[in-house]
2 protein chains.
Amino acid sequence: MDPAKPSLELLRSLTDEHVLRALMQHRRLTRAELATETGISKPTVGESVRRLTEAGLVVDTGERTPGGRGRGRVGSYYALADVGVALAVAIAPEGIVAECVDAHGDTVSRAEVKIGEPARPEEVAAALRTAVTTARRGTARLAVVSAADPVDRVTGRMVQLPDAPFLLGELDTVEVLAPHVDGPVTVDNDVNWAARAERDVHKGQWDDFAYVFLGAGMGCAIVSDGEIRRGHGGLTGEIAHLVTVGPRGKAIRLIEVFDELGLRLPGSTAIDVDRLLAAVTGPRAAATRDALGKAVSGVLAAVVALADPETIVIGGPWGGHPVVLDTIAEAFAGLPRHVLVRAAELTVEPSLAGARLDALNRLRSAVIAR
Amino acid sequence: MDPAKPSLELLRSLTDEHVLRALMQHRRLTRAELATETGISKPTVGESVRRLTEAGLVVDTGERTPGGRGRGRVGSYYALADVGVALAVAIAPEGIVAECVDAHGDTVSRAEVKIGEPARPEEVAAALRTAVTTARRGTARLAVVSAADPVDRVTGRMVQLPDAPFLLGELDTVEVLAPHVDGPVTVDNDVNWAARAERDVHKGQWDDFAYVFLGAGMGCAIVSDGEIRRGHGGLTGEIAHLVTVGPRGKAIRLIEVFDELGLRLPGSTAIDVDRLLAAVTGPRAAATRDALGKAVSGVLAAVVALADPETIVIGGPWGGHPVVLDTIAEAFAGLPRHVLVRAAELTVEPSLAGARLDALNRLRSAVIAR
DNA sequence: CAATTCTAGTCAGGAGTCTTGCCCAGAAAG
DNA sequence: CTTTCTGGGCAAGACTCCTGACTAGAATTG
């Protein structure tokens, strides 16, 4: 039965929720301001504030309305009590960033820990612990993690796909973080988080788009009806095995294109980004550019066919490079169905930004649910 | 502001909604049965029934509880009043089927109209009018339409994609039906409806799967997080231009495979299903089977990469054929990432079944919203 | 400096909704 | 005929929200 049972308690909790959300957004408000902000009557708001104060969720800040504002009676400012923080963590092969956000959306602390390449799982786990313990302020009520590898939707663990780049290795993020977090740990891959951040930049306008990330690993995030689609195992957008156009017009998997072009790191599953960038800008670059353009636009054709995005956003160390972007856009424009291709808006820590915002929303919901 | 404002009116409408939903599901109930069914107290239910009767949404059927049931006082049975019907329509090149469903989920009428091939738009429109006027009983409060062509998500009109099969032609379903329906007309393509029906067969178990339809036209529906994903323009799953493996290992678009195999209807954009089935079962079938298996499994690889389904369902006149299905499953099993491939469960009018169920849900919501 | 004006917060009254508990009517069972 | 049992209704109580009036206190105004 979908709709909630009607009861007076429902009403009361709805009132409290409105008040709490208003305080999260506006930091500090008087009872009167709360009433106009929420549209609820003054006496009801007063009662709610009394309840929430008693429950320890709201405190009288002691501040009074400044004289300058009006001439009437001074009001008391109320604010959210200390309700704990949420952790937002980004795990990449280069290093780890951990941040704490409070219910107002402020980042209260931050820690960075570098990792030596190639990353070994034990090293990553140790760095993760260090970053989180350094960053933590007060009780962390939940954690949201971005990881630069495919993530199993159910267990939150990294998944190695055959022959596909695997940057971090076997790492059970949930297990590592559990001792440091007093609540659920959510893990998803970095491209999905970056796409969520991109969506929030274009709030309400972009409901359906795709975000293609081209770096040492390749991935694609699909936003449909305003939400990231993860699929059954969380492996939506793992495009390494997508069939596309190879260097001589042959149908091969995307990851194989980089073998044929000799652009993978020897002894590793990852793509050699530096060499790739040198190859598309240096002498005799035309052939490489042509091959990459055809291969990637074959992927974009698949994205258009199976997700029908409004636009396609391309990001990542080499995908975001102007030369590569132009090459891809040009090759893609020749296909029968094409959409606007553009560079990602967010370039600095896009996946952390996405994880941070989700951490905030989850923290707020957790506070409201007592 | 997401959560509804707390008010007493909210409570009342919630109570009415519970009562109405119980009556939709159970056809006829006494006040006491309504109370136990909804979990709401007897006086409250009584009051709600009084309100709803006054509003004309509920009627006293005049029936009394039969003596056999217990020994207590006789109760009065209440039931939903006549609140109109919903139209469910399936438009295919062969013909049109229109049905009326009432709020209990009963199909109260049905009409079929054949169309001569090839279908001309005016002929289809005329057949549509005939089917709907024949089937309609009472006021149709809304219509849900399945159409065997790509459908624009915003306008509900058919969309012709370059070089892709286009079976029904330019047809503005919404405009044709508007005079016959007293409410909104919803249009989507037949594969999406079939997939919805398949989802409802596996209620709650299948949240993420793909439905690949292979017939005169080809399409694919993606169910993610329990919902059909349509994309920005409603063209999700139009796989004709997906890059896949051609007959000699060349990377070509799916639709071109049928050109190379000589399996398209001359002078038309559609696939010649009869000739295709003959080619895969007759003598020298091995080469054709091999080509089809590779081409389709390339499409499935794309579906897996971009949607990560739990299973892939294959249906349609030639896709559902055992020989074809086996061929595809075999070719697909050789790829690095593969999931279970199975035939569609529903084979008789699957898209109409999906449209019918959606029509029912929409009708119920419309009734509850007064 | 006193009167006026204005505002945050509270109080009182009233309307509305839900629930529990009790009672009644009436049919079947004993 | 009495007992048992069930659907339905009534009354009382608890609770929530709202409107409107009131109070306290500060700034402005004359």
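Each chain gets a letter, A, B and so on, in the order the sequences are listed, and its residues count up from 1.
- Residues passing the side-chain contact (heavy atoms from CB on, under 4.5 Å) test with Thr155(B), sequence neighbours excluded: Asp152(B), Arg157(B).
- One atom, OH of Tyr77(A), and another, P of dT7(C), lie 14 Å apart when rounded to the nearest Å.
- Residue Thr15(B) has a polar side-chain atom (N or O) positioned under 4.0 Å from OP1 or OP2 of dC18(C).
- Computed from coordinates, the Leu11(B) CG to dT19(C) C1' distance equals 13 Å when rounded to whole Å.
- Protein atom CG of Leu29(A) is 12 Å distant from nucleotide atom P of dA8(C), rounded to whole Å.
- Going from atom CZ of Arg28(B) over to atom P of dG7(D) covers 14 Å, rounded to whole Å.
- With the nearest nucleotide of DNA chain C identified for both Pro6(A) and Ala32(A), Ala32(A) has the one nearer the 5' end.
- A salt bridge links Asp188(B) with Arg230(B): the closest approach of a Lys/Arg side-chain nitrogen to an acidic carboxylate oxygen falls below 4.0 angstrom.
- Residues satisfying the side-chain contact (heavy atoms from CB on, under 4.5 Å) test with Glu63(B), not counting sequence neighbours, are Arg28(B), Thr61(B), Tyr77(B).
- Qualifying ring pair (Phe, Tyr, Trp, His ring centres under 6.0 Å) partners for Phe209(B), counting only residues two or more places apart in sequence or in other chains: Trp206(B).
- Remark: His232(B) pairs with Asp208(A), Glu310(A) by the side-chain contact (heavy atoms from CB on, under 4.5 Å) rule, at least two apart or across chains.
- Side-chain contact of Arg136(A) with Ser109(A): a donor-acceptor pair under 3.5 Å is absent, judged by distance alone.
- One can place NE2 of His18(B) at 14 Å from C1' of dC18(C), the figure rounded to the nearest angstrom.
- Annotation: side-chain contact (heavy atoms from CB on, under 4.5 Å) contacts of Thr134(B) (sequence neighbours excluded): Ala111(B), Thr130(B).
- Between Thr30(B) and dG8(D) there is a side-chain polar atom (N or O) within less than 4.0 angstrom of OP1 or OP2.
- Partners of Asp182(A) under the salt bridge (charged side-chain N to carboxylate O under 4.0 Å, His left out) rule, at least two apart in sequence or in another chain, do not exist in this structure.
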Would you mind writing out the side-chain donor-acceptor pairs for residues 43-52 of chain A within the sub-3.5 Å range, not counting sequence neighbours?
unit_1: Thr44(A); atom_1: OG1; unit_2: Ser41(A); atom_2: OG; d: 3.0
unit_1: Glu47(A); atom_1: OE2; unit_2: Arg50(A); atom_2: NE; d: 3.2
unit_1: Glu47(A); atom_1: OE2; unit_2: Arg50(A); atom_2: NH2; d: 2.8
unit_1: Ser48(A); atom_1: OG; unit_2: Asp16(A); atom_2: OD1; d: 2.7
unit_1: Arg50(A); atom_1: NH1; unit_2: Glu54(A); atom_2: OE1; d: 2.8
unit_1: Arg51(A); atom_1: NE; unit_2: Asp16(A); atom_2: OD1; d: 3.4
unit_1: Arg51(A); atom_1: NE; unit_2: Asp16(A); atom_2: OD2; d: 3.3
unit_1: Arg51(A); atom_1: NH2; unit_2: Asp16(A); atom_2: OD1; d: 2.8

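- dT17(C) atom P lies 12 Å from atom CG of Leu10(B), rounded to whole Å.
- Close to dT10(C), at under 4.0 Å from its OP1 or OP2, lies a side-chain N or O of Arg31(A).
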Let me check I have this right: for DNA chain C, each base becomes ., (, ), [, ] or |, based on Watson-Crick or G-U pairs with both distances under 3.5 Å. What is the full string?
||||||||||||||||||||||||||||||
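- Put simply, CD on Glu33(A) is 10 Å from C1' on dA8(C), counting in whole angstrom units.
- Between Tyr78(A) atom OH and dA8(C) atom C1' the separation is 10 Å, expressed in whole Å.
- The phosphate of dA25(C) has neither OP1 nor OP2 within less than 4.0 Å of any side-chain N or O from Arg73(B).
- Within residues 43-55 of chain A, the residues approached by DNA chain D to less than 4.0 Å at the level of any non-hydrogen atom are Pro43(A), Thr44(A), in residue-number order.
- Nearest-nucleotide mapping onto DNA chain D: of Leu8(A) and Lys42(A), the residue sitting toward the 5' end is Leu8(A).
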